[in-house]
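Chain naming here is simple, since letters A, B, ... match the order of the sequence lines and numbering starts at 1 in each. All of these numbers come straight from a predicted model, not from anything done at the bench.
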Number of protein chains: 2
Amino acid sequence: MLFNPQARVCAECGIRKHALFGSLDLSALDRIHVHIASVRLEPGQPLYAAQISGAAAFTVRSGVVRLERTNERGERRILRLAGRGDTLGMEAMLGQSYAADAVACTEVEVCRLPRSLVEDLTKDQIELARDMMRRWQRALDDADEWLTELCAGPARHRMLRLLLKLSEFADGSEVWLPSRLEMSAMLDMTIETASRIVSQLKREGILDAPDQRHAILHMPQLLAALREEASD
Amino acid sequence: MLFNPQARVCAECGIRKHALFGSLDLSALDRIHVHIASVRLEPGQPLYAAQISGAAAFTVRSGVVRLERTNERGERRILRLAGRGDTLGMEAMLGQSYAADAVACTEVEVCRLPRSLVEDLTKDQIELARDMMRRWQRALDDADEWLTELCAGPARHRMLRLLLKLSEFADGSEVWLPSRLEMSAMLDMTIETASRIVSQLKREGILDAPDQRHAILHMPQLLAALREEASD
DNA sequence: CGCAGGTTTGACGACAGTCAAGGCGAGTGG
DNA sequence: CCACTCGCCTTGACTGTCGTCAAACCTGCG
């Protein structure tokens with residue numbers, strides 16, 4: 001049935017139901033996936049850069065990608081994180097340049113979705129347009145949530161919310177733990193404050209760090225700590 | 001040519017080029033606008049509420065609308081502002097409930113775009129789908145900008161950025177000045193801090209307030225103040 | 001071994017939150 | 001007309017959180 005090798009890979013992809021072309025049938029998939037490429041990134045590698053006029057969007061198959069911007073004062077600010085099933089750089093589909101830098105936080109696998117593909121498809125495949133709209137709305141929801149949860153309140157509270165969010169991206173029992181520098185950019189605090197809070201949370205038994213880049217979250221304690229704050 | 005009275009109003013609308021159906025020709029407009037209603041709101045009136053399963057999106061024709069959320073601790077946080085030409089509540093087009101509260105800040109005129117309309121249209125009007133995608137991307141860009149500009153750095157800096165943003169929404173020389181409570185929700189600070197900073201900026205001649213709800217911004221001084229901070 | 005990069009910890013100070021009092025304007029009722 | 005209240009804004013004094021500066025530490029690596 002499926003002649004294109006990449007189409008076969010995609011058909012077996014664990015996240016296809018959640019990915020951009022999840023609404024298409026297999027034969028359509030076969031035609032489409034001629035153009036789709038799988039990309040692999042090491043931690044720290046850029047996926048794309050702000051201002052660049054890109055020709056593709058990307059769907060994350062595994063790992064965590066951060067979206068970040070540099071403001072006029074040269075300070076980097078992490079806007080949000082994207083994980084499995086999230087789509088990045090959709091502005092490219094509109095012929096716009098990327099609005100932010102996208103950088104791999106962990107080992108990352110993404111599917112590259114060239115702009116031309118969508119341009120051709122939208123002519124007859126209306127379901128795809130709908131799918132893309134759902135993705136846009138999702139990204140916007142994420143942005144709103146990030147703003148309310150990770151930008152407001154005292155430093156400790158923002159850190160607890162971040163840990164909660166990181167647990168959403170976890171494969172197994174260990175979550176990816178950002179560097180203190182990355183945390184500080186996500187939560188608008190200094191690396192010293194981030195370090196102090198993480199140390200404190202370790203002492204409180206909310207979190208263990210087997211190594212520098214991973215953590216084991218003790219969810220009951222974490223949730224209890226968040227509830228405790230809310231009651232104050 | 002145009003039989004529908006609302007279509008005539010729309011054809012003459014100053015922002016039609018920038019509005020959702022700007023890409024359609026006049027005869028298409030005539031068919032469409034049977035369903036479109038103009039809505040007028042007073043300051044403080046809600047346009048829609050979070051969690052409600054809405055049946056329409058809205059395009060702002062005049063005035064300023066704020067999007068806000070209440071977190072689990074009962075604190076309201078303003079996510080962003082929308083002005084002329086911006087579109088709100090597009091999640092309704094996907095059959096989702098509204099993700100935030102939308103409340104009029106000033107006198108507001110919006111066009112109501114029922115979900116059914118878009119559902120019918122997307123079948124043959126591919127340009128509309130494209131238009132909607134552009135809008136989604138724009139909303140996402142706004143969210144990113146809000147995050148980088150209004151959530152980071154010292155309180156004074158955030159206030160200056162807010163004033164700059166408010167100037168984008170101005171009709172004439174006067175800008176709408178939010179209440180201190182609203183400012184505090186936008187910038188994640190207390191109303192006391194907001195009040196102190198605004199008073200200070202008045203003393204510095206960056207801003208004059210003829211009345212409580214309006215301000216005259218002295219842009220050269222404002223921009224100078226922002227540059228001054230960047231150099232530190 | 002020494003170096004570099006990231007992390008942790010401490011001391012100190014400043015910015016912003018908290019608590020409290022007072023002012024101003026609009027609307028209400030005597 | 002004045003007294004009164006109410007909501008919102010302003011200002012002050014004090015406190016605490018968090019940023020700044022600095023030193024020490026750990027780990028991997030040449």
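Salt bridge annotation for B/R69-A/E145: absent, with no cationic side-chain nitrogen under 4.0 angstrom from a carboxylate oxygen. Salt bridge status for A/E149 with A/K165: absent, with no side-chain N to carboxylate O gap under 4.0 Å.
Side-chain N/O atoms of A/E192 and base N/O atoms of D/dC21 include a donor-acceptor pair closer than 3.5 Å. The base of C/dG6 has none of its N or O atoms less than 3.5 Å from a complementary donor or acceptor on the side chain of A/R213. A donor and an acceptor atom sit less than 3.5 Å apart, one in the side chain of A/R196 and one in the base of C/dG10.
Look at A/T193 and you'll find a side-chain N or O under 4.0 angstrom from OP1 or OP2 of D/dG19. In this structure, B/S195 reaches the D/dT10 phosphate: one of its side-chain N or O atoms is under 4.0 Å from OP1 or OP2. Between A/S199 and C/dT9 there is a side-chain polar atom (N or O) within less than 4.0 angstrom of OP1 or OP2.
Rounded to an integer number of Å, the gap from A/R156 CZ to D/dC18 C1' is 15 Å. B/E75 has its CD atom 9 Å from the P atom of C/dT18, to the nearest Å. If you measure from atom CE of A/M189 to atom P of D/dT20, you get 13 Å, rounded to the nearest angstrom. The interatomic distance linking B/Q200 (CD) with C/dC15 (P) rounds to 12 Å, in whole Å. Look at CE on A/M159: it is 10 Å from P on C/dT8, rounded to the nearest Å. The separation between A/I191 atom CD1 and C/dT8 atom P is 10 Å, rounded to whole Å. Between the P atom of D/dT27 and the CZ atom of A/R180 lies a distance of 14 Å, rounded to the nearest Å. Rounded to whole angstrom, the span from the CD1 atom of B/I197 across to the C1' atom of D/dC9 amounts to 15 Å.
By the 30° and 60° cut-offs, the orientation of the rings of A/Y98 relative to A/F58 is tilted.
Picking from C/dG17, D/dC9, D/dG19 the nucleotide with the shortest atom distance to the side chain of A/T190 gives D/dG19.
Side chain of A/R84 to backbone of A/D171: no donor-acceptor contact under 3.5 angstrom is found. In this structure, B/R77 contributes its side chain and B/A185 its backbone to a donor-acceptor pair below 3.5 Å.
The residue among A/G153 and B/R203 whose nearest nucleotide of DNA chain D is located toward the 5' end is B/R203.
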